[in-house]
Protein chains: 2
Amino acid sequence: MTNIKEIARRAGVSPSTASRALSGKGYVSEEKKRKVLAAAEEFDYAPNLNALSLKTGTTRRLGLVAPEFAESVSLFTGGFVRAAEEAGYTVTLFITGYDKSKELEALEALRRKQVDALVFVLFQSELPLIAPYVKYGPIVSWQRLVHERIPSVFMDQYDGYMLALEHLYAKGYRRICNVYGASTRLNTQSRIEAFADFCRKYGLDPGVCPSFQNMGDTEDGERLVHWWLENGRIPDAFATTNDRVAAGMVSEARRLGLRIPEDFAVCGFDNLDFAHMLDLTTIHYPVDEQAGNAFAIIRSQIEETDLPLKPLKFHLVERATT
Amino acid sequence: MTNIKEIARRAGVSPSTASRALSGKGYVSEEKKRKVLAAAEEFDYAPNLNALSLKTGTTRRLGLVAPEFAESVSLFTGGFVRAAEEAGYTVTLFITGYDKSKELEALEALRRKQVDALVFVLFQSELPLIAPYVKYGPIVSWQRLVHERIPSVFMDQYDGYMLALEHLYAKGYRRICNVYGASTRLNTQSRIEAFADFCRKYGLDPGVCPSFQNMGDTEDGERLVHWWLENGRIPDAFATTNDRVAAGMVSEARRLGLRIPEDFAVCGFDNLDFAHMLDLTTIHYPVDEQAGNAFAIIRSQIEETDLPLKPLKFHLVERATT
DNA sequence: TTGTACGCGTTATCAA
DNA sequence: TTGATAACGCGTACAA
């Protein structure tokens with residue numbers, strides 16, 4: 001509505017004096033300062049942020065790119081936005097629906113200076129397509145990846161998965177079935193390594209149960225229960241991709257009258273909201289703090305400082321399914 | 001990086017010709033157009049959105065204000081962002097943590113033209129404080145409220161709650177206990193009315209069970225089970241605030257060895273993610289489409305058109321707890 | 001069909 | 001201590 005010129009006119013000073021009075025930078029006599037502030041108050045003045053952005057070339061706005069908005073993504077988003085707001089940044093959301101062209105739109109927003117930086121929850125596009133955009137501003141990834149210019153705040157799931165396996169071993173389970181996620185993911189590789197090391201450590205036969213890959217949904221978990229019934233009931237415990245799969249197993253088992261953990265044990269991963277309600281043993285990891293670290297990295301790059309990152313740790317949440 | 005002036009110089013034309021060539025508006029000879037586009041390509045030109053925003057006074061950016069990101073709020077957010085992106089708008093997030101001053105920051109963002117409009121998931125502040133800001137841009141609410149200038153996309157829970165009650169009645173339950181949410185909410189009032197009408201319709205005594213108010217957490221649900229055990233096991237069914245309370249009841253009952261629905265029935269509300277996993281009977285309502293309507297209202301106001309709103313309906317999701 | 005000049009709102013620079 | 005001027009990047013009215 002009213003701009004600084006108007007305020008200056010009303011206060012009987014020049015725009016630059018008004019600017020100084022309002023920003024508190026530079027010399028202004030007490031009297032004029034008073035007048036300017038009074039005029040600003042009276043005529044409901046508020047600086048136009050777009051003008052500021054144009055002038056400074058910076059927006060104090062960050063973009064967050066996610067394929068969808070559910071579960072741990074909203075946790076991450078919440079953590080990121082809170083960290084950002086605390087430092088006076090604002091966050092704009094880009095939901096891609098796993099569509100590469102939408103990812104490109106977010107990258108273009110960076111290029112066109114709508115945001116100062118981007119966090120990717122997940123990449124759909126190939127890295128070589130993304131990488132050139134770092135010249136327009138910092139890009140950080142939650143998804144685990146290795147790239148010179150694109151830092152990632154992932155946690156190596158080797159440790160977390162080992163925690164699950166050790167727990168199952170301590171509880172007496174010896175025929176553990178691994179239910180892995182997408183086979184292309186580095187996380188899956190880490191888990192496979194963890195299992196190999198685990199078997200070596202305790203002298204277990206890794207081939208006693210088959211493993212599954214590319215599992216991720218509740219429905220996958222439900223199917224696993226039927227597989228278990230129809231294939232000799234071999235595994236006595238399942239270490240699963242995530243809580244969704246675990247939840248599918250637990251609820252389907254319940255429907256079929258099976259008993260957990262007597263018939264078989266289930267250990268989830270993520271510690272989502274519903275894990276508590278299902279009394280699901282699971283592995284918790286600090287999504288919030290990963291988000292905080294993502295912001296810290298971005299801020300360090302933007303403000304050319306060097307903010308410390310929080311160390312991150314998995315921990316076991318023991319409930320009723322093991 | 002490179003601006004339109006630079007491109008014009010490289011292409012040997014004036015900035016305005018370059019602008020016309022790039023935007024496709026106005027007359028430009030084919031040859032110069034080609035040259036300009038080639039130069040733009042070569043020198044990696046991308047229009048600066050801040051300059052555009054300054055010039056047009058509009059950002060094509062909307063603000064979404066929520067106290068936190070969990071459950072149905074993330075559903076709503078997802079729906080809203082998708083609708084907005086489809087129409088070429090972008091969404092900036094404001095998380096208040098139930099802090100009024102944070103709400104004010106979002107309102108100030110509107111005033112300072114960082115966003116063109118705001119959606120509030122929930123108001124913490126008093127309405128008279130919010131209302132004046134509509135002069136800076138459209139404000140829409142998800143929360144139910146009545147205000148001349150601030151439309152709301154709420155659904156009257158009378159219908160939804162009646163659906164739950166009718167279902168419980170049809171299943172043979174006659175001693176229904178109402179577990180309400182915050183007593184100040186209009187939704188609670190609607191539910192109370194629904195229950196009164198329901199009792200009248202079937203000639204039931206509304207006082208056969210006590211009602212509860214201000215219930216909303218899982219823990220509240222857990223406590224209710226203990227109340228039921230210690231107070232004569234009177235109600236044969238619970239109609240609850242939301243799925244959280246219902247989930248608390250169901251899982252606590254399970255832990256205590258009670259049987260649902262034999263000992264008592266439970267009907268939730270919201271149909272959240274975990275309702276499926278707990279096999280919870282509940283009332284579903286289309287959060288997504290409410291979000292779509294919120295966006296439609298905003299867009300109608302901004303673009304001065306008149307977009308149609310989708311009609312919204314509750315429906316019962318019958319599962320194993322009734 | 002093209003180019004010049006101006007304004008969007010702000011602040012930094014510099015001269016007074 | 002103050003004010004005129006320029007500049008951020010763009011679009012566009014208007015003149016040529």
Side-chain angles (χ1 to χ4, degrees), chain A residues 1-37 39-40 43-61 88 108-116 136-137, chain B residues 1-40 43-61 108-116 136-137:
Chain A
M1 304 279 191
T2 47
N3 55 27
I4 200 170
K5 242 171 167 170
E6 173 86 7
I7 298 304
R9 206 165 52 75
R10 299 289 188 172
V13 301
S14 75
S16 36
T17 303
S19 171
R20 280 188 297 259
L22 289 163
S23 70
K25 300 198 144 204
Y27 301 102
V28 187
S29 69
E30 272 309 315
E31 192 202 333
K32 300 209 168 179
K33 187 167 187 173
R34 242 186 339 90
K35 273 191 182 166
V36 169
L37 294 181
F43 295 97
D44 188 35
Y45 170 74
N48 181 316
L49 287 180
N50 296 315
L52 223 74
S53 289
L54 176 59
K55 182 132 190 70
T56 63
T58 163
T59 60
R60 292 193 84 80
R61 207 179 304 123
E108 284 300 312
L110 178 63
R111 187 156 90 109
R112 302 182 60 173
K113 300 198 172 296
Q114 189 171 33
V115 295
D116 293 342
Y136 305 115
Chain B
M1 304 278 190
T2 48
N3 56 25
I4 201 170
K5 237 171 170 171
E6 173 87 5
I7 297 303
R9 205 165 53 74
R10 300 289 188 172
V13 301
S14 76
S16 49
T17 303
S19 171
R20 280 189 295 260
L22 289 164
S23 70
K25 299 199 144 206
Y27 302 102
V28 187
S29 70
E30 273 308 315
E31 192 203 332
K32 298 207 169 177
K33 186 167 187 172
R34 242 186 339 89
K35 272 190 182 165
V36 169
L37 294 180
F43 296 98
D44 188 35
Y45 170 73
N48 182 315
L49 287 179
N50 296 314
L52 220 74
S53 290
L54 177 59
K55 181 126 190 71
T56 63
T58 162
T59 60
R60 293 193 82 82
R61 208 179 303 125
E108 284 299 313
L110 178 63
R111 187 156 89 110
R112 302 182 60 172
K113 301 198 171 296
Q114 190 171 33
V115 295
D116 293 343
Y136 306 114

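The structure presented is a predicted model; accordingly, all values stated were derived computationally and were not measured. Reminder, nothing fancy here: chain letters follow the sequence lines and each chain counts from 1. We use all heavy atoms of the structure for the numbers below, so side chains are in, but hydrogens, waters and symmetry mates are not.
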* Listed nucleotide nearest any side-chain atom of A:Y27, set C:dT10, D:dT1, D:dG11 -> D:dT1
* Structure fact -> side chain to side chain contact (heavy atoms under 4.5 Å, CB included) test vs B:V13 passes for just one of B:K35, B:K33, B:K32, namely B:K32
* **Rounded interatomic separation in angstrom, taking NZ from B:K25 and P from C:dT1** => 18 Å
* Main-chain N/O of A:Q114 paired with A:R61 side-chain donor or acceptor, under 3.5 Å -> yes
* Asked: Quick one: A:R9 CZ to C:dG9 P, roughly how many Å, whole number?
  -> 13 Å
* Asked: Do any N or O atoms from the side chain of B:D116 and from the backbone of B:T58 form a donor-acceptor pair under 3.5 angstrom?
  -> no
* To do: Would you state whether a donor and an acceptor, one from the side chain of B:S19 and one from the base of D:dG11, lie under 3.5 Å apart?
  => no
* Divergence of helical axes at both termini of the helix from C:dT1-D:dA16 to C:dA16-D:dT1 - five pairs an end, 10° steps -> 50°
* Asked: If you pin B:T17 and B:A51 to their nearest nucleotides in DNA chain D, which one's is more 5'?
  -> B:A51
* Hey, does B:P47 reach any base, or is it just sugar-phosphate, or nothing, if we go heavy atoms under 4.0 Å? -> sugar-phosphate
* Asked: Rounded to whole angstrom units, what separation is found between the CZ atom of B:R111 and the C1' atom of C:dG9?
  -> 15 Å
* Hey, is the main chain of B:K113 close enough, under 3.5 Å, to the side chain of A:N50 for a donor-acceptor pair? -> yes
Using the 3.5 Å cut-off, write out each protein N or O paired with an N or O of nucleotides 14-16 of chain D and the distance between them.
none

* Asked: When the distance from NZ of B:K5 to P of D:dC10 is rounded to whole Å, what number comes out?
  -> 10 Å
* Asked: Of B:K55 and B:E30, whose closest DNA chain C nucleotide lies nearer the 5' terminus?
  -> B:E30
* To the nearest Å, how far apart are A:L22 CG and C:dG9 P? -> 15 Å
* First of B:V13 and B:L54 reached from the 5' end of DNA chain C, by closest nucleotide -> B:V13
* **From CZ (A:R60) to CG (A:L52), nearest 0.5 Å** => 10.5 Å
* To do: Let me know the distance between CG of B:L52 and C1' of D:dT12, rounded to the nearest Å.
  => 13 Å
* To do: Report the distance from atom CZ of B:R112 to atom P of C:dC8, rounded to the nearest whole Å.
  => 19 Å
* Can a donor-acceptor pair under 3.5 Å be found between the side-chain atoms of B:S16 and the base atoms of C:dA5? -> no
* To do: Taking all heavy atoms of A:Y45 and all of A:N3, pick out the closest pair and write down the distance.
  => CE1-C, 3.6 Å
* Asked: Given atom CG of A:N48 and atom P of C:dG7, what is their separation to the nearest angstrom?
  -> 17 Å
* Nearest 0.5 Å, what's the CD1-CG distance between B:I4 and B:N48? -> 11.0 Å
* Asked: Charged N to carboxylate O below 4.0 Å: is that the case for A:E30 and A:R34?
  -> no
* Could you pull out the closest heavy-atom pair between A:Y27 and A:R20, with the gap in Å? => O-NE, 3.6 Å
* Asked: Counting any heavy atom closer than 4.0 Å, what does A:K32 reach on the DNA or RNA strands: base, sugar-phosphate only, or nothing?
  -> sugar-phosphate
* Would you list the pairs meeting side chain to side chain donor-acceptor pair (under 3.5 Å) in which at least one residue belongs to residues 4-15 of chain B, sequence neighbours left out? => B:E6-B:R9, B:E6-B:R10, B:S14-B:S16, B:S14-B:T17
* Closest to side chain of B:N3, choosing from C:dT10, C:dT2, D:dC10 -> D:dC10
